[in-house]
Amino acid sequence: MSEPDPQRPDEPEEEEIASTPFDNPWFLPILLGGMTLWFAYDGWLNADFARESARYLGFNRWGAGVLAIGTALAVWRALRERRSAPRPPSEG
C-alpha cells in the first residue's frame with residue numbers, strides 16, 4: 001500500500017460559489033453614482049420638476065449631496081478592495 005501524499009489533504013476541496021453581479025465591488029458605486037446624478041438633475045437642472053414639485057426640491061438637493069458623499073466612500077472602498085485583491089500570475 002502506498003502512503004498518503006502530504007501535499008494532498010484527505011478533505012475534499014470546497015466548491016467555489018458562483019459570483020453574482022452584487023459581488024462586484026463596483027456595483028454599489030455605480031448604483032449610488034446614478035442615483036446622485038438623478039437627484040442632482042432634478043434638484044438643480046430640471047426646470048419642469050422645479051415648477052411642478054417645488055416642495056421636493058430641497059429633498060433632491062440634500063439627497064444629491066448625501067448620495068455624493070456615499071458614492072465617494074463606495075468608490076474609495078472599491079478601489080481599496082481592488083488593490084488588496086490577489087492578482088493572477090501574468091502569462092507570457
Side-chain angles (χ1 to χ4, degrees):
M1 298 218 136
S2 65
E3 293 182 24
D5 188 2
Q7 295 181 355
R8 297 184 67 199
D10 293 337
E11 300 173 9
E13 292 184 26
E14 292 183 23
E15 293 183 24
E16 290 188 31
I17 299 173
S19 65
T20 65
F22 301 111
D23 294 334
N24 190 328
W26 290 103
F27 177 77
L28 186 61
I30 291 171
L31 180 67
L32 288 176
M35 290 174 62
T36 301
L37 292 175
W38 184 355
F39 272 62
Y41 175 73
D42 277 347
W44 280 286
L45 302 175
N46 190 352
D48 292 337
F49 182 81
R51 275 193 310 275
E52 296 171 6
S53 305
R55 66 183 194 182
Y56 300 116
L57 204 56
F59 175 78
N60 279 19
R61 290 179 178 176
W62 277 95
V66 170
L67 286 170
I69 293 169
T71 301
L73 290 173
V75 166
W76 178 71
R77 287 183 59 196
L79 287 172
R80 192 175 60 166
E81 184 176 334
R82 182 174 178 175
R83 288 182 188 144
S84 68
R87 297 184 180 199
S90 60
E91 296 179 27

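The shown structure was predicted, so the numbers you read here are calculated from the model rather than taken from an experiment.
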Asks: Any non-hydrogen side-chain atom of Trp26 less than 4.5 Å from a side-chain atom of Val75?
Replies: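 The answer is yes, as the side chains (C-beta and beyond) meet within the 4.5 Å cut-off.
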Asks: For Leu45, look at atom CG and say whether over 12 heavy atoms of other residues, nucleotides or ligands are found less than 6.0 Å away.
Replies: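 Above 12, so yes.
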Asks: I need the minimum non-hydrogen distance between Pro29 and Ala74, along with the two atoms involved.
Replies: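 Scanning both residues, the minimum pair turns out to be CG-O, 3.5 Å.
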Asks: Please name the pair of heavy atoms, one in Ala78 and one in Pro25, separated by the smallest distance, quoted to 0.1 Å.
Replies: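 Looks like CB-O, 3.3 Å.
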Asks: Grab the two heavy atoms, one from Asp42 and one from Asn60, that are nearest each other, plus how far apart they are.
Replies: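 Reported closest heavy-atom pair: CB-ND2, 2.9 Å.
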Asks: Determine whether Phe39 and Trp62 satisfy the following criterion, side-chain contact (heavy atoms from CB on, under 4.5 Å), listing intermediate values before the conclusion.
Replies: CA-CA 9 Å; Phe39 272 62; Trp62 277 95; over 6 Å; no
Asks: Distance check, rounded to the nearest 0.5 Å: Asn24 atom CG versus Ile30 atom CD1?
Replies: 7.0 Å
Asks: Taking all non-hydrogen atoms of both residues, which atom of Trp44 and which atom of Ala64 are closest, and how far apart?
Replies: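 For Trp44 versus Ala64, the nearest heavy atoms are CZ3-CB, 3.8 Å.
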Asks: How long is the straight-line distance from CG of Leu32 back to CD1 of Ile69, given to the nearest 0.5 Å?
Replies: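 It comes to 12.0 Å.
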Asks: Would you mind reporting whether Tyr41 and Phe49 have side-chain heavy atoms less than 4.5 Å apart?
Replies: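 No. Closest side-chain heavy atoms not under 4.5 Å.
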Asks: Nearest 0.5 Å, what's the CZ-CG distance between Phe22 and Leu28?
Replies: 11.5 Å
Asks: For the CZ atom on Phe59, are there more than 12 heavy atoms of other groups (residues, nucleotides or ligands in this structure) within a distance under 6.0 Å?
Replies: no
Asks: Mind jotting down which residue pairs meet the side-chain hydrogen bond (donor to acceptor under 3.5 Å, both in side chains) criterion with at least one end in residues 69-86? Sequence neighbours excluded, please.
Replies: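 side-chain hydrogen bond (donor to acceptor under 3.5 Å, both in side chains) check on residues 69-86 returns Thr36-Thr71.
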